[in-house]
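Please read the structure below before turning to the comments.
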Amino acid sequence: MSGNVSTSHDEYVELVLRLVERIPWGRATTYGDIAEAVRAVTGSGGPRQVGRVMALHGSAVPWWRVVRADGRLPAGHEDEARQQHLAEATPMVDAERIDLARAGWDPGATLLNRP
DNA sequence: ACCTTGACCTTGG
DNA sequence: CCCAAGGCCAAGG
């Protein structure tokens with residue numbers, strides 16, 4: 001049964017969380033990149049959906065490593081995120097934005113390479 | 001079925 | 001660099 005395009009709510013959530021868990025220490029990726037990677041498998045969802053997953057289930061994973069396209073920290077959680085990045089010495093442009101050129105991590109193939 | 005909301009993105013001024 | 005507008009996708013009222 002190849003071509004399983006049907007996207008159960010739970011499957012989408014799981015794929016997103018699995019990816020976020022794989023973001024290495026001191027690095028970060030964007031909502032958009034995660035959305036793109038997951039969409040390649042489920043065929044649905046966008047950056048906002050990833051944001052929703054994080055809002056509802058993010059507490060279980062390193063959510064602070066998921067940032068906006070311009071490197072700004074997750075809206076409404078900037079303080080906590082900044083603390084974490086300070087602790088793991090993530091390359092920053094300033095106090096508000098991650099340096100994605102240096103700290104950026106592409107989820108891409110990671111999804112296919114599941115354990 | 002319509003409207004609003006949201007841990008978003010891109011483009012243009 | 002800052003701001004506004006339009007696009008986007010799904011959930012909830």
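Just so we're on the same page: letters track the sequence lines, and every chain starts at 1.
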What is the nucleic acid contact for A:Ala55, judged by heavy atoms within less than 4.0 Å: base, sugar-phosphate only, or nothing?
base
In which stems does DNA chain B show up, taking only runs of three or more Watson-Crick or G-U wobble pairs whose two distances fall under 3.5 Å?
B:2-6 with C:9-13, B:8-13 with C:2-7
In terms of hydrophobic clusters joined by side-chain contacts under 4.5 Å, are A:Ile98 and A:Ile34 together?
no
I need the single residue from A:Glu21, A:Arg18, A:Arg22 that forms a side-chain contact (heavy atoms from CB on, under 4.5 Å) with A:Val61. Which is it?
A:Glu21
Within one Ile-Leu-Val-Met-Phe-Trp-Tyr cluster: A:Ile23 and A:Val13, side-chain cutoff 4.5 Å:
yes
In whole angstrom, what separates A:Asp33's CG from B:dC8's C1'?
12 Å
A:Val67-A:Val93 co-clustered via ILVMFWY side chain contacts under 4.5 Å:
no
Taking only nitrogen or oxygen atoms into account, show me every contact under 3.5 Å that the protein makes with nucleotides 9-13 of chain C, one pair per line with its distance.
from: C:dC9; atom 1: O4'; to: A:Gln49; atom 2: NE2; distance (Å): 3.2
from: C:dC9; atom 1: O2; to: A:Gln49; atom 2: OE1; distance (Å): 2.8
from: C:dC9; atom 1: O2; to: A:Gln49; atom 2: NE2; distance (Å): 3.2
from: C:dA10; atom 1: OP1; to: A:Gly45; atom 2: N; distance (Å): 3.2
from: C:dA10; atom 1: O4'; to: A:Gln49; atom 2: OE1; distance (Å): 2.9

Quick one: do A:Leu15 and A:Met54 end up in the same hydrophobic cluster if we chain Ile, Leu, Val, Met, Phe, Trp and Tyr together by side-chain heavy atoms under 4.5 Å apart?
yes
Would you measure the distance from the P atom in B:dA7 across to the matching atom in C:dG7 and give it in whole Å?
22 Å
So which of A:Gln84, A:His85, A:Arg68, A:Glu96 actually passes side-chain contact (heavy atoms from CB on, under 4.5 Å) with A:Leu73?
A:His85
Cluster overlap A:Tyr12 with A:Trp63, hydrophobic side-chain contacts below 4.5 Å:
yes
Tell me: CG of A:Asp70 to P of B:dG12, nearest whole Å?
17 Å
Non-hydrogen atoms of A:Arg82 and A:Ala95 that approach each other most closely
NE-O, 2.9 Å
Touch class at under 4.0 angstrom, heavy-atom based, for A:Pro74 against every strand present:
base
Indicate, with a heavy-atom threshold strictly under 4.0 Å, whether A:Gly76 touches base, sugar-phosphate, or nothing.
nothing
Just how far, in rounded Å, is C1' of C:dC1 from CZ of A:Arg72?
12 Å
Distance check needed: B:dG6 P versus A:His77 NE2, whole Å only.
12 Å
Measure the distance from CG on A:Leu73 to P on B:dC8 and round it to the nearest whole Å.
11 Å
Roughly, in whole Å, what's the span from CD1 in A:Ile23 to P in B:dA7?
18 Å
Of the listed nucleotides (B:dA7, B:dT10, B:dC8), which one gets closest to any side-chain atom of A:Trp63?
B:dA7
Whole-Å distance separating the OH atom of A:Tyr31 from the P atom of C:dG7
24 Å
Rounded to the Å, how far apart are A:Leu100 CG and B:dC9 P?
10 Å
Checking A:Val20, A:Thr30, A:Asp33 against A:Pro107 for side-chain contact (heavy atoms from CB on, under 4.5 Å), the one that qualifies is A:Asp33
